[in-house]
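Here is the structure we will look at.
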Amino acid sequence: MKNTWHNEFSKDNKYSCLGHNMLLSKFIPLKEAREIVNNHQKVTKKEVINLHDGYLRVLAEEIKSLHNSPPFDKSAMDGYAVIAEDTFGASNSNTINLKIIDRIGAGEYSTKKIAKGEAIKVATGSPVPDGATGVLMEEYTLSDGDDLEIHSQVTPMENIAPLGEDIQIGDIIVRDKTVLRPQELGLIASAGFYEISVYKKPKIKLIITGNELVDPAPTIDKAQIINSNQYTITSMIKSAGADIEITHARDDFEDVKDLLLKESNNYDLLITTGGTAISKGDVVVDAVDAIGEVMFHGVAIRPGKPIGFGMINETPIFMLSGYPVAAMAQFDIFLRHYLFKMQNIDFSYKIIKGTSGVKIPSNLGRTDYVRAFTSDNTVKHALNKGSGIIRSMVEANSYLIIDENQEGIYKGDEVDIIFFDSLNFNF
Ligand SMILES: Nc1nc2c(c(=O)[nH]1)N[C@H]1C(S)=C(S)[C@@H](COP(=O)(O)OP(=O)(O)OC[C@H]3O[C@@H](n4cnc5c(N)ncnc54)[C@H](O)[C@@H]3O)O[C@H]1N2
Ligand code: MOO
């Protein structure tokens, strides 16, 4: 077994081995764990997709417009294209008469050129006919056959969207690494593209371990636990823009080892839940150690301290706890960033300064992500319950972060808060 601990303690003492797993007695600091993870960051390759599939994908090229938009001087209103000077002084009490020489709808253009005293009926979106310098809204006109009576004047260029007003040929309209929202998709389409190059979605295999786990059902047997991680972690992975497939494995060293080895060749990233502690069923870390390298196992955080990270055949693996809250917190602390960075998205948490309305104990040397209910920037309740209490993640709306150099929080202290809502895939 390779020694992969990175703290001073481990260098001096080595880690103890219980015959099946590393002893979870010392942990590396969060900062150090983050560095190790960052140093093993993977980025996905590029692929070309149809623009229809572009929503929330990450652009892997710079887009330069192939078109002017609008592509011609365009009428912005339904009405009459006129020579603006012909309309000067027109009002309800001083109407002016013009001659209608043509009528066009959207998608049509007139071959005629307007001369003094003439008008062409146009629709919103029609090309403005040659010779016209303004469009008079239909509401200010009366027509009888080809005779047009106008009741208002137009200024030059009034109600005309000039060629290239929005985009000009060659303009850089969207940059590399932009997450595509509806408005970028519309802009790219207007620029003439129906295919785009994007970073591939990371392909993730989630392996859920635990002999006790069963799918949700109205009745379950004694000693069975409902597998909720298959919903929480899966949806978190999807919310970070990755594709996910799940396998349920039994707590068997050989089975888990073989499965991990096989899947390390098929996926960009492996994630496991369960089996990170030290009982004999906790086989995941040992399995990774047998076929790859465990870069760390145990980080000074709470919840989530037994998290492991390693590499199997150049494929990164995050070993999350079985406890539902611990696994979610581990995802929030490490995995969301990792998955975003795989797609070249630079994501950082929005940390808000607030006040604690409650006293919360914590240990020096450990970073705590305390589930908290915060309103008006004040933490009203701290839900620092067990890591199996999934309900606490529903009752809380935020994490209060207690730094490793801080021993406890007192009522009235300034604190760092991350709202759960700010973690979602909404750019
Ligand atoms: N002697 C020690 N025991 C434990 C330590 C320790 O340092 N020394 N660490 C504790 C901490 S902290 C955590 S977190 C857990 C991590 O345990 P595992 O990752 O090995 O998880 P399991 O033992 O497999 O499961 C824990 C708990 O969660 C339930 N579980 C597991 N998977 C799921 C799932 N997919 N959906 C819902 N619930 C799940 C499982 O049934 C257990 O109740 O270890 C502590 N122990
Ligand atoms: O720290 Mo464990 O990670 O949930 O209780």
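For ligands, and for the atoms within them, numbers begin at 1 and follow the listed sequence.
At under 3.5 Å, not a single nitrogen or oxygen of Ser321, backbone or side chain, sits near a nitrogen or oxygen of ligand 1. Where the criterion is an N or O separation shorter than 3.5 Å, residue side chain and backbone included, Gln230 fails it with respect to ligand 1. Taking only nitrogen or oxygen atoms, main chain and side chain alike, Ala326 does not reach within less than 3.5 Å of ligand 1. Polar contact with ligand 1: absent for Ile208 (N/O pair, distance under 3.5 Å). Annotation: Ser321 places no N or O atom under 3.5 Å from an N or O atom of ligand 2; distance criterion only.
When heavy-atom distances to ligand 1 are checked against a 4.0 Å cut-off, Ile226 comes that close only through its backbone atoms N, CA, C and O.
Counting the atoms of ligand 1 from 1 in the order shown, those under 4.0 Å from a heavy atom of Ile225 are 38 (N), 41 (O). When each atom of ligand 2 is checked for a heavy atom of Pro303 under 4.0 Å away, the hits are 1 (O), 3 (O), 4 (O). Near Lys305, meaning under 4.0 Å from any of its heavy atoms, are these atoms of ligand 2: 1 (O), 3 (O). Distances below 4.0 Å separate heavy atoms of Pro324 from the following atoms of ligand 1: 37 (C), 38 (N). Those atoms of ligand 2 with a heavy atom of Pro306 less than 4.0 angstrom away are 3 (O). Using a 4.0 Å cut-off to heavy atoms of Glu212, the atoms of ligand 1 that qualify are 31 (C), 40 (C), 41 (O). Close contacts of ligand 2 with Ala326, meaning ligand atoms under 4.0 Å from a residue heavy atom, involve 3 (O), 4 (O). Residue Asp282 approaches ligand 1 through these ligand atoms, each under 4.0 Å from one of its heavy atoms: 20 (O), 23 (O). Those atoms of ligand 1 that come under 4.0 Å of a heavy atom in Asn227, given as number and element, are 34 (C), 35 (N), 36 (N). For ligand 1, the atoms sitting less than 4.0 Å from at least one non-hydrogen atom of Pro306 are 11 (C), 12 (S), 13 (C), 14 (S), 16 (C), numbered in the order shown with element in parentheses.
The aromatic rings of Phe318 and Phe334 lie tilted to each other, with the angle between the two planes from 30° to 60°. Between Phe420 and Tyr399, the angle of the ring planes goes over 60°, which puts this pair in the perpendicular group of the 30/60° scheme.
Remark: Glu314 engages Lys42 in a salt bridge, criterion side-chain N to carboxylate O under 4.0 Å. With respect to the salt-bridge test (charged N to carboxylate O, under 4.0 angstrom), the residues Lys353 and Asp416 qualify. Between Glu404 and Arg366 there is no salt bridge, since no side-chain nitrogen of the basic residue lies less than 4.0 Å from a carboxylate oxygen of the acidic one. A salt bridge links Lys121 with Glu138; the closest basic N to acidic carboxylate O contact falls under 4.0 Å.
Note: His151 and Tyr140 fail the aromatic proximity criterion, with ring centroids not under 6.0 Å apart.
The protein heavy atom nearest to atom 5 (O) of ligand 2 is Ser387 OG, 2.9 Å. Atom 3 (O) of ligand 2 has Gly304 N, 2.4 Å as its closest protein atom, hydrogens excluded (heavy atom only).
Using a 4.5 Å heavy-atom threshold, the side chains of Arg302 and Tyr369 count as separate. Residues Met342 and Gln41 are in side-chain contact: their nearest non-hydrogen atoms beyond the backbone lie under 4.5 Å apart. The shortest side-chain heavy-atom distance between Leu59 and Leu180 falls under the 4.5 Å cut-off.
For atom 15 (C) of ligand 1, the choice among Phe27, Tyr231, Tyr323 with the nearest heavy atom turns out to be Tyr323. Between Thr276, Asn211, Thr273, it is Thr276 that holds the heavy atom closest to atom 20 (O) of ligand 1.
Residues Glu263 and Asn266 have side chains that bring a donor and an acceptor to within less than 3.5 angstrom of each other. The closest side-chain donor-acceptor pair between Asp368 and Ser362, if any, does not fall under 3.5 angstrom.
At least one heavy atom of Ser228 sits less than 4.0 Å from an atom of ligand 1. Residue-ligand proximity: Gly275 is placed with a non-hydrogen atom under 4.0 Å from ligand 1.
Scanning all heavy atoms of the two residues, the minimum distance from Thr87 to Ser152 falls at CB-O, 4.2 Å.
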